[in-house]
2 protein chains.
Amino acid sequence: MTTGAPPARRTQADRRAQTRSALLEAAARGLSKYGYANLALERVAGEAGYTRGALYHLFANKEDLALAVVNWVEESWNAEVRPLVTAEADPVDALIALARGHVVYCRRDVADVLMNLRVEFTGQDHPVGRAVTESIHRLADDCAVLIAAGRESGAIPPGPPPREMAFAYLSVLEAVGIQVAGKAPYDVDLAERAVRGVLGLPPAPVSPAVWGAAAPMRPARTAPEVHE
Amino acid sequence: MTTGAPPARRTQADRRAQTRSALLEAAARGLSKYGYANLALERVAGEAGYTRGALYHLFANKEDLALAVVNWVEESWNAEVRPLVTAEADPVDALIALARGHVVYCRRDVADVLMNLRVEFTGQDHPVGRAVTESIHRLADDCAVLIAAGRESGAIPPGPPPREMAFAYLSVLEAVGIQVAGKAPYDVDLAERAVRGVLGLPPAPVSPAVWGAAAPMRPARTAPEVHE
DNA sequence: ATGGTAACATACAGACATGTATGTATGTGA
DNA sequence: TCACATACATACATGTCTGTATGTTACCAT
């Protein structure tokens with residue numbers, strides 16, 4: 001190519017995909033920081049490098065954009081954390097793996113979008129709030145199955161009904177996830193502690209060195225701690 | 001008094017106090033349900049039985065009202081929960097009593113005001129967010145002292161720095177408090193489980209009957225379970 | 001009873017955000 | 001090259017909310 005060549009032509013499909021992606025990311029960051037009510041579309045578009053016209057071309061309205069973000073976040077969580085869970089045959093190991101994986105997921109800056117929206121729409125009937133609630137319910141259903149299995153095998157002691165237990169487990173995990181996110185080396189182990197407590201399990205057998213310098217290797221039966 | 005007597009004259013001070021109280025309660029309910037951004041003062045005033053004129057007569061602006069609510073909630077929490085904590089000489093018992101007392105406090109409908117505001121203003125610099133943060137920091141400082149004392153006595157195993165531990169403890173307690181509030185009989189015991197887990201303590205020695213019908217009596221060394 | 005102040009209610013003004021309408025730029029197939 | 005459709009930008013219209021100004025009611029001291 002010569003030095004004076006014009007920029008390469010991008011297809012409309014490519015342009016559309018890039019615009020959409022940029023807007024979703026900007027909206028997610030905005031929802032994370034400002035919530036839904038305070039999310040100004042002029043700002044979202046600006047931070048994505050476009051204008052509201054482009055935004056309204058791709059999304060019907062503010063609600064449509066937020067719902068798209070909710071789906072986007074759920075998908076990215078499923079892509080990163082679910083494999084860790086399904087890789088475990090034992091229910092307790094699966095629940096612990098989920099907790100550890102979730103805390104690692106919380107190291108990214110949009111991890112609290114769903115929690116923020118859930119808190120914001122609690123007690124209100126709104127499409128975005130409903131979407132978040134449904135997302136969490138799907139996850140809670142899966143956790144309830146694991147909890148019930150763990151109880152049946154005797155690995156998990158008795159407690160509230162499995163579904164209630166699952167909601168408590170998730171709320172604790174969510175809170176710890178956000179509170180200690182990124183505070184390696186102990187964010188992951190602290191999350192495990194918290195969910196073991198809620199489930200009624202005794203503390204994991206670890207040496208005191210865990211709370212010191214570098215995180216040590218995990219026992220062989222749990223998920224890997226670091227993911228790239 | 002005769003049947004046709006006019007209503008009793010109330011002093012201006014009494015009228016002012018009643019108006020202020022009604023507005024604070026309505027605002028607290030509004031902040032709990034809608035957060036700050038979505039809190040419409042027209043609605044607050046209406047639900048309190050007044051108009052925005054009365055509201056602006058008593059509070060400089062929306063921010064002033066919200067700050068007053070934050071203080072009001074903090075004071076009511078301190079009045080109800082702190083005595084349970086200070087009544088315990090042992091640090092672990094104090095932390096457990098705090099958790100149990102907090103969950104009982106969460107049975108009222110404005111218990112989540114501070115959490116909602118904290119979530120809403122995370123990442124932003126706003127006077128209301130700062131007030132909430134300071135309130136939580138004061139509590140975390142006290143918890144950190146208890147945690148440090150428990151570690152020194154050997155009752156609490158090692159973990160992250162006491163202050164970090166205190167924030168994790170509070171975030172877990174807050175999450176469980178809101179998630180299971182009012183779901184007697186197990187909301188209080190579930191909260192205890194959660195915080196024991198975070199602190200690294202083994203499960204409390206309880207019989208399986210706890211998760212059945214009525215809550216049994218607690219062992220003598222912990223705070224009473226029911227408060228009127 | 002009267003004048004003054006506080007407690008409240010109603011009207012006004014401006015800012016901000018959303019959604020819609022219209023204009024401009026870019027890709028695409030014939 | 002040209003007509004068309006899509007991708008985006010800019011302008012317009014409307015509603016909502018906050019804070020301020022003004023009006024009315026109630027208490028209070030003289």
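Protein chains get the first letters and strands the later ones, always in sequence-line order, with residue 1 at the start of each. All of these numbers come straight from a predicted model, not from anything done at the bench.
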Between side-chain atoms of residues 18-28 of chain A and protein atoms elsewhere (two or more places apart, or another chain), which donor-acceptor pairs fall under 3.5 Å?
unit_1	atom_1	unit_2	atom_2	d
A:Gln18	OE1	A:Arg10	NH1	2.9
A:Thr19	OG1	A:Arg15	O	2.8
A:Thr19	OG1	A:Tyr50	OH	3.4

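- Look at CZ on A:Phe59: it is 15 Å from P on C:dT18, rounded to the nearest Å.
- A distance-only check finds a donor-acceptor pair linking the side chain of A:Asn61 to the backbone of A:Asp64 [under 3.5 Å].
- Taking the side chain as every heavy atom from C-beta outward, B:Leu55 and B:Leu65 approach each other to under 4.5 Å.
- By the ring-ring contact (aromatic ring centres under 6.0 Å, His included) test, A:Phe121 is found to be paired with A:Tyr36, A:His126, residues two or more places apart in sequence or in another chain being considered.
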Under 4.0 Å protein heavy-atom contact, by nucleotide of nucleotides 7-26 of chain D - B base, S sugar-phosphate only = BBBB-------BBB-----B
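- Side-chain atoms of B:Gln124 never come within 3.5 Å of backbone atoms of B:Gly129 as a donor-acceptor pair (strictly under, hydrogens ignored).
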